[in-house]
Amino acid sequence: MTGRRVAVTGGPAAGARWDRRTLLRAAAATAVTLAGGCGRTGPSIQVAVVWGGGELTNFRRVVAGFGDVRVVTAGNDIDAFLRARQLAGTSPDVAILPRPGLVVEYARRGWLREVTPSSGYAPPVGMADLLSTGGRRYGVWVKAAHKSLFWHLPSRLPEPPRSWDELVQLTRRLGGLARRGAGPAPLAVGAADGWVLTDWFENVLADVTGPGFYAALARGEADWRSPQVRAALDRLAELWSVAGAFPGGGRRALLTQFEDSVIDVVHRRRAVMVFEADFVADTAREFAAGEAARTFRFPGARRADRPLIVGGDAAVVFAGSERGAELVRWLSDGAVFGPWLDAGGYLSPDVSVPLDSYRDAVRRDLAADLRAAEAVRFDLSDQLPGPFTGSDGVGIWRIMQDFFADVTGGVAAGEAVRRATGQLAAAARSAGGGR
């Protein structure tokens, strides 16, 4: 997922529940569409998105360049929203989906039509094939997220660690100072949001395994109890179990949401570093206390190793919408996102967009990372099937929270890893996505 508000679950076949609020929101959007003559027979194109706030405003500025487009925000669970609309026969023309797995699932159900991107469409290696099934393309990437970043204030951390061992050593040193009341904790983490912990896991997994194994896990063809998964969890346990690593300890971290973890670094200064994606910049900018946060890449086992995990939002067209197909083709041209690039807070999935299109240096550097990477690996949890993909209290999100609670609560690393791999394997089997 590219943003921090998205929480998706599997469909009814996977045991998902549509809550009353989601159904009412879908019904209300339908009523507005029908009353305003904005269905597919009318002049407007309706687009459903997960975005809100500044993201929603900036996307509306983008599509204003196409013509008469109505953008409807679906709230946190766009999957449930779209299933309700499909059931009612009032699907939007276009939807922006935060998970490639949903694109493939909807296509196999016959809900989507094929799309043809513009001739200049150029996503990074590792993203291009995730929106296809049966040799046919059903979506195009419209927004990317760089998910391999640590953020810090230069005054608190003049020399960032450049390898995993250096990160562990720094955490131990700063953790010791924090326990004596001689400085802030080394790390802030919003462990109340399970997706933050899965992002940690994915970056470590990408470093300790080859791309083939990572992809096999996503496809349900690898064992979650394998040595590679255990090695990744062992590495996380090594860091997360450091005494004094987190302000207030592991229990407080499990009550801390993503935004608060960023504020702990840039405003409250209770911690030195926070790991998360490029969208940290939005919160950091809002709460900065006189000093701009900087970034360094998630460190690998060697100084030369720097994992690169990405997320993304993809545009799809529901069956029967000709104008929706025209809009999606138009959106696949990265140049049309100029208004969002000018406003900031946007990372294009199109590597042909000129770097000087980015107004801020941070995102310019991140865009360069996408170009330089030989291959990127897409957010693993966003590729998993059904409820295994995770949402609040469910799937891999919950499993990683349990693991975090174990290793920060004194459970031996070996036992914590054994529990976690058992839970992961059981969840994969239940979702039909592995063993």
Side-chain angles (χ1 to χ4, degrees), residues 126 145-178 184-191 195-211 213-214 228-242 244-246 253 261-262 264-266 271-281 284 293-311 362 365-380 400 403-404 407-408 413:
H146 188 306
K147 308 192 81 172
S148 296
L149 296 171
F150 274 85
W151 298 75
H152 67 103
L153 298 178
S155 63
R156 292 295 181 98
L157 186 62
E159 291 291 333
R162 292 180 291 172
S163 70
W164 180 261
D165 285 345
E166 288 183 14
L167 176 63
V168 172
Q169 292 165 9
L170 176 66
T171 300
R172 288 172 176 161
R173 180 172 64 81
L174 295 179
L177 292 173
L187 299 168
V189 61
W195 55 268
V196 171
L197 300 181
T198 65
D199 286 351
W200 272 93
F201 171 69
E202 288 153 5
N203 274 272
V204 172
L205 184 69
D207 185 48
V208 302
T209 68
F213 181 82
Y214 188 100
Q228 295 95 320
V229 174
R230 292 199 301 270
L233 293 173
D234 275 332
R235 183 182 286 190
L236 288 175
E238 175 187 29
L239 184 71
W240 288 349
S241 64
V242 172
F246 308 105
S261 70
V262 178
D264 273 345
V265 171
V266 302
V272 174
M273 301 171 284
V274 61
F275 156 75
E276 250 311 326
D278 60 278
F279 46 73
V280 165
R294 294 184 183 173
T295 65
F296 63 91
R297 282 279 295 277
F298 198 103
R302 302 173 304 163
R303 291 189 176 188
D305 296 330
R306 298 194 305 171
L308 180 51
I309 304 296
V310 299
V362 169
D365 289 343
L366 302 185
D369 273 353
L370 291 181
R371 286 160 171 73
E374 294 182 4
V376 300
R377 300 187 204 178
F378 196 87
D379 186 301
L380 176 63
M400 291 305 301
F403 178 69
F404 182 89
V407 299
T408 59

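All residue numbers in this chain count up from 1 along the given sequence.
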If only atom types and distance count, is the side chain of [X] paired as donor or acceptor with the main-chain N or O of [Y] below 3.5 Å?
| X | Y | value |
| --- | --- | --- |
| S148 | I309 | yes |
| E238 | D234 | no |
| H146 | L366 | no |
| R377 | Y214 | no |

Shortest non-hydrogen contact from [X] toward [Y]:
| X | Y | value |
| --- | --- | --- |
| F213 | T209 | CD2-CG2, 3.9 Å |
| A293 | A284 | CB-CB, 4.4 Å |
| R156 | P184 | NH1-CG, 3.1 Å |
| G311 | F378 | C-CE1, 3.5 Å |
| S163 | P299 | C-CB, 3.5 Å |
| A185 | A245 | CB-O, 3.7 Å |

Identified side chain to side chain contact (heavy atoms under 4.5 Å, CB included) partner of V280 from the options V266, L149, V262: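 Of the listed options, the one satisfying the test is V262.
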Given R172, Q169, R173, the one that forms side chain to side chain contact (heavy atoms under 4.5 Å, CB included) with V242: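 Exactly one pass, corresponding to R172.
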Starting at [atom1] of [X], measure out to [atom2] of [Y] and round the result to the nearest 0.5 Å.
| X | Y | atom1 | atom2 | value |
| --- | --- | --- | --- | --- |
| W164 | L167 | CH2 | CG | 5.5 Å |
| D165 | L239 | CG | CG | 11.0 Å |
| L197 | F275 | CG | CZ | 9.5 Å |
| F298 | F150 | CZ | CZ | 5.0 Å |
| L174 | L187 | CG | CG | 8.5 Å |
| E202 | M400 | CD | CE | 9.0 Å |

Qualifying residue, where the test is side chain to side chain donor-acceptor pair (under 3.5 Å) with K147 and the options are D199, N203, D278: D199
Candidate pair W151 and F296, rule ring-ring contact (aromatic ring centres under 6.0 Å, His included), full reasoning: CA-CA 7 Å; W151 298 75; F296 63 91; over 10 Å; no
Check: V189 and V274 side chains under 4.5 Å, non-hydrogen atoms: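 V274 vs V189: side chains apart.
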From CA spacing to verdict: side chain to side chain contact (heavy atoms under 4.5 Å, CB included), L370, V310: CA-CA 9 Å; L370 291 181; V310 299; 3.6 Å; yes
M273 and V265: CA distance, side-chain angles, deciding distance, side chain to side chain contact (heavy atoms under 4.5 Å, CB included) verdict: CA-CA 6 Å; M273 301 171 284; V265 171; 5.7 Å; no
Test side chain to side chain contact (heavy atoms under 4.5 Å, CB included) applied to R297 and L308, step by step: CA-CA 8 Å; R297 282 279 295 277; L308 180 51; 3.6 Å; yes
Ion pair R235/D207, N-O distance below 4.0 Å: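 Between D207 and R235 there is a salt bridge, with a charged N closer than 4.0 Å to a carboxylate O.
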Test log, rule ring-ring contact (aromatic ring centres under 6.0 Å, His included), inputs F201 and W240: CA-CA 12 Å; F201 171 69; W240 288 349; 9.3 Å; no
Audit row: L170, L157, side chain to side chain contact (heavy atoms under 4.5 Å, CB included) steps and yes/no: CA-CA 10 Å; L170 176 66; L157 186 62; 3.7 Å; yes
